[in-house]
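Both counts, for ligands and for their atoms, begin at 1 and track the order of listing. All figures in this text were calculated on a predicted structure; none of them were measured in a lab.
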Amino acid sequence: MEDQATRLRKLVEDKTGQVQESLDQSLAGKAEAEDRKTRVIAITSGKGGVGKTNLTVNLAIALGMEGQRVLVIDADLGMANVDVVLGSLSKHHLLNLLDDGVELSDVLIHGPYGVTYISGGSGIEKAQDFSMADRQRLMQKLSGCGQIADIVLVDTGAGLGKIVMDFILAADEVLLVTTPEPTALTDAYAVMKAYSMYATNKNIKLVVNRVYDEGESRDVVSKLQQTSQKFLKMPIECAGYIYEDRNVIGAVRKQKPFLAMKPNSIASKCVQAMAKSLIYGGDMVVKQGWRGFLRQIFNFSRK
Ligand SMILES: Nc1ncnc2c1ncn2[C@@H]1O[C@H](COP(=O)(O)OP(=O)(O)OP(=O)(O)O)[C@@H](O)[C@H]1O
Ligand SMILES: [Mg+2]
């Protein structure tokens, strides 16, 4: 039987080729046939520093191990961004797509461990003030992502700022990360409240990070579920939990994803379980997909 490390190595080799191949096909105009709807999942939190970026990167790897083609959009203005967690360096940013001669393939970064990502997604905030022509150009170039990815993960950064809200309202699904800390819970509730007020199709799930046992996660989820039901009339499920694990801290120090560095660690197992449940656990109907996401982000439906 293949062990985790072998599967991961194979994934890295396969994925880079696979994404490039899909991109070539897309650019060659053969994309229509596989223009399936792409799941867009925004990963957010109320409080900063609760583990969004680590979840995003490691979940991308875990979903990749399940055969999904994953694209990560780094829309986090914070310090610990996708580049840092991956130990990679991006040459281009999303807004470089406005430069002449820069195509989607130039801003797509094939990072280590098979993670493909676009840096500088937070620049989309500026894009809303751009001319219609520029917004259309950006949207047209970015629409190719729909053909190369089955799932897009957007690391949104924390809080209730405009750009974060735009991303979570435009995505079909939201993963709201919290820790069991009271301040993180209060801030998570603030996001739930704002989301319940503005989201048309509500699909928000909790991820409880840094728990010491399953019971702690259950308590957090049940507290937030009860409050949500009582005050917001909004159901909220749990996508999973991640144990407090010193391997995460060690991996961050080494600028390597923990799933790559310690595939058998408890945190890695939790993220793998979450990936499986996201893919196989229940029917997920993609309502807006990548195109709908872009349309909303670039304000075409709202202006
Ligand atoms: N499961 C875990 N076990 C132990 N430490 C963890 C765990 N998850 C996260 N951490 C610690 O928390 C730190 C912050 O994680 P991360 O950068 O992913 O958070 P973030 O929510 O993206 O932060 P920001 O809001 O600044 O973008 C990590 O560097 C790591 O030290
Ligand atoms: Mg972050």
Check ion pair K47-E181 (N to O, under 4.0 angstrom)
yes
Is it true that R135 and D129 make a salt bridge, defined as a side-chain N closer than 4.0 Å to a carboxylate O?
no
Using a 4.0 Å cut-off to any heavy atom of G48, which atoms of ligand 1 qualify?
25 (O)
Between V248, V57, D74, V252, which one has a non-hydrogen atom sitting closest to atom 2 (C) of ligand 1?
V248
Ligand 1 and L55, any nitrogen or oxygen pair closer than 3.5 angstrom?
no
Rounding to 0.5 Å, atoms CZ (F293) and OG (S143) come to a distance of 13.5 Å
What about K47: any of its N or O atoms under 3.5 Å from an N or O on ligand 1?
no
Check the pair S119 / V82 against side-chain contact (heavy atoms from CB on, under 4.5 Å), numbers first and verdict last.
CA-CA 8 Å; S119 188; V82 173; over 6 Å; no
Test side chain to side chain donor-acceptor pair (under 3.5 Å) on Y243 and D213; report intermediate values, then the result.
CA-CA 7 Å; Y243 275 85; D213 55 56; over 6 Å; no
Using distance alone, determine whether D245 and ligand 1 share an N or O pair under 3.5 Å.
yes
Looking at ligand 1, does any of its N/O atoms fall within less than 3.5 Å of an N/O of N54?
yes
Can an N or O of A267 be found at a distance shorter than 3.5 Å from an N or O of ligand 1?
no
So, taking the atom named OG1 in T56 and the one named CG in L175, what distance separates them when rounded to the nearest 0.5 Å?
8.5 Å
Examine all N, O or S atoms of N81, backbone included, and report whether one is under 2.8 Å from the Mg ion (ligand 2).
no
Under a 4.0 Å threshold between the charged nitrogen and the carboxylate oxygen, would D155 count as salt-bridged to K52?
no
Report yes if N209 has an N/O atom closer than 3.5 Å to an N/O atom of ligand 1; otherwise report no.
yes
Residue portion contacting ligand 1 (non-hydrogen atoms closer than 4.0 Å) for I242:
side chain
Of the choices G157, S265, G51, which has the non-hydrogen atom that lies closest to atom 19 (O) of ligand 1?
G51
Quick one, K193 with L232, criterion side-chain contact (heavy atoms from CB on, under 4.5 Å). Give me CA distance, side-chain angles, the key distance, then yes/no.
CA-CA 7 Å; K193 188 170 176 187; L232 311 175; 3.7 Å; yes
